[in-house]
Amino acid sequence: MKPHLSTENKKQILVFSISGIIVLVSYLALSKTQIIAQGISAVFGVIMPFVFGYAIMFILAPLMFKVEKLLGNHTKWKKKTIRGISVLFSILFMILMIVIFCAVVFPQLFTSVATLANSTEGYFNQFQVWASGLSKYFNTQNMPAALLSVVDSIQNTLRNTITEFVKALPGILSNAIIASFQAISVVFNLVIGTVVAVYLLLDYERFHRQAKMLVYATFTKKFADEVVRIGNITAEMFNKFVVGKAIDSLIIGILCLIGCLIFGFPYASLIAFVVGVTNMIPFFGPFIGAIPCIFLLLLVNPIYALWFGLFVFALQQVDGNIIGPAILGDSLGLPSIWILFAVTVGGGLFGIVGMVIGVPTFAVIYTLLKEYSHRRLEQKEIKV
């Protein structure tokens, strides 16, 4: 005789079975986190050229459409021909910018790094003489013992820091060799990604249409409309921020180089490169870039460090009040407090990359929440 199970018992068995499977899968996943992480890393390594390709397509698409519109208004060529010429122009423009950047920045950058490496021992000896003279000066001033102890502590800390830096130079060089191999991998992904970007740009409308078809085939029309709308908002936010911030950082890097040459700071190219790259990070970027540069100039001449600190402060004021608003405007519509929040959270979760993409990501979330709040208030007929 077969046991009779009520509908309620069957539901309980099903719930317990599903719960047991979830617990088992979660346990296996947690116990094999390293293997899973390696698997995810391997997958990302394989698809990375396509990620590069999509990123290149995303950045170059606005330029391609502008060139296409210009050719369409002034020529009677076929649409396919115009698209091909527009894509070719966009790719060549990107390559030209990379070549100019490498030709102008990298030689000076390598020279600055080599000079710094050769001068490290001299800077260390110079610092010891400077610290010794400073200690003698403070001793002759009959300073209180507590204050003198603080000064000695600061001197010892700086001396130990420089000593550890000198000891770590071989390891730094070893890491530089590893980084060079990683750079080769990045170049390979960039080349393959450029090819992928060409195909994506040539058939931009078809890929866009296929993505929309998949969304509408998977979800209800109302939900799919919302997904497409959010996708358009996200693309617009990221494009405005990434392209605008890149142009802004390039201008800041050039102005920093000109200023360093005028003031006669050593390692001008290296300093301008660091300031320009870190300027891509909102809010904290200027501080992240200025601190190592100030420390580097402090080893050469403390007066250089002081003047550079003042120069960077003035440069960031110009950027924040003139250059940045002129390029970016209020395209993100994000208050300063939320920019700080986005950079902090993004950096804590994903490091430097998170600090860069955190702002446009949170700008999308902020826009959607603002729309939701206004819509709900209108439904409730509440005016704030």
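The analysis underlying the following values was restricted to heavy atoms, covering all of them including side chains, and did not include hydrogens, waters or symmetry mates.
- With sequence neighbours excluded, the residues satisfying side-chain contact (heavy atoms from CB on, under 4.5 Å) with L310 are W307.
- Taking E205 as the reference, R83 meet the salt bridge (Lys or Arg N to Asp or Glu O under 4.0 Å) condition, with sequence neighbours excluded.
- No side-chain heavy atom of V87 sits under 4.5 Å from any side-chain heavy atom of E68.
- The side-chain contact (heavy atoms from CB on, under 4.5 Å) check on E236 picks up K240, with sequence neighbours excluded.
- Between I271 and L297 there is a side-chain heavy-atom pair separated by less than 4.5 Å.
- Once rounded to the nearest 0.5 Å, the distance linking CZ of F308 with CZ of F263 reads 11.0 Å.
- Contact check for T194 versus M94: side-chain heavy atoms found under the 4.5 Å cut-off.
- No chain of hydrophobic side-chain contacts below 4.5 Å, direct or via other Ile, Leu, Val, Met, Phe, Trp or Tyr residues, connects L88 to L60.
- Residues R229 and L368 form a side-chain contact, since some pair of their non-hydrogen atoms from C-beta on lies under 4.5 Å apart.
- By the criterion of side-chain heavy atoms lying less than 4.5 angstrom apart, applied directly or through intervening Ile, Leu, Val, Met, Phe, Trp or Tyr residues, L200 is grouped together with I47 in one hydrophobic cluster.
- Within the structure, ring pair (Phe, Tyr, Trp, His ring centres under 6.0 Å) contacts touching residues 198-219 (residues at least two apart or in different chains) are F65-Y204, F219-F223.
- In this structure K221 satisfies the salt bridge (Lys or Arg N to Asp or Glu O under 4.0 Å) test together with D225, sequence neighbours excluded.
- One hydrophobic cluster, built from ILVMFWY side chains closer than 4.5 Å, cannot hold both I262 and F265; they sit in different ones.
- Listed by chain and residue number, D203 satisfy the salt bridge (Lys or Arg N to Asp or Glu O under 4.0 Å) test with R206 (two or more places apart in sequence, or in another chain).
- Ring-plane geometry between F89 and F93 is classed as parallel, the angle between the planes falling under 30 degrees on a 0 to 90 degree scale with a further cut at 60.
- The side-chain heavy atoms of F362 and V345, taken from C-beta on, include no pair separated by under 4.5 Å.
- For the pair I252 and Q316, the minimum side-chain heavy-atom distance is below 4.5 Å.
- Here I91 contributes atom CD1 and S86 contributes atom OG; the two are 11.5 Å apart, rounded to the nearest 0.5 Å.
- Counting heavy atoms from C-beta on, the side chains of F50 and I192 never come closer than 4.5 Å.
- Side-chain contact between W77 and L71: present, with at least one pair of heavy atoms (C-beta onward) separated by less than 4.5 Å.
- In the displayed structure, M213 atom CE is contacted under 6.0 Å by at most 12 heavy atoms of other residues, nucleotides or ligands.
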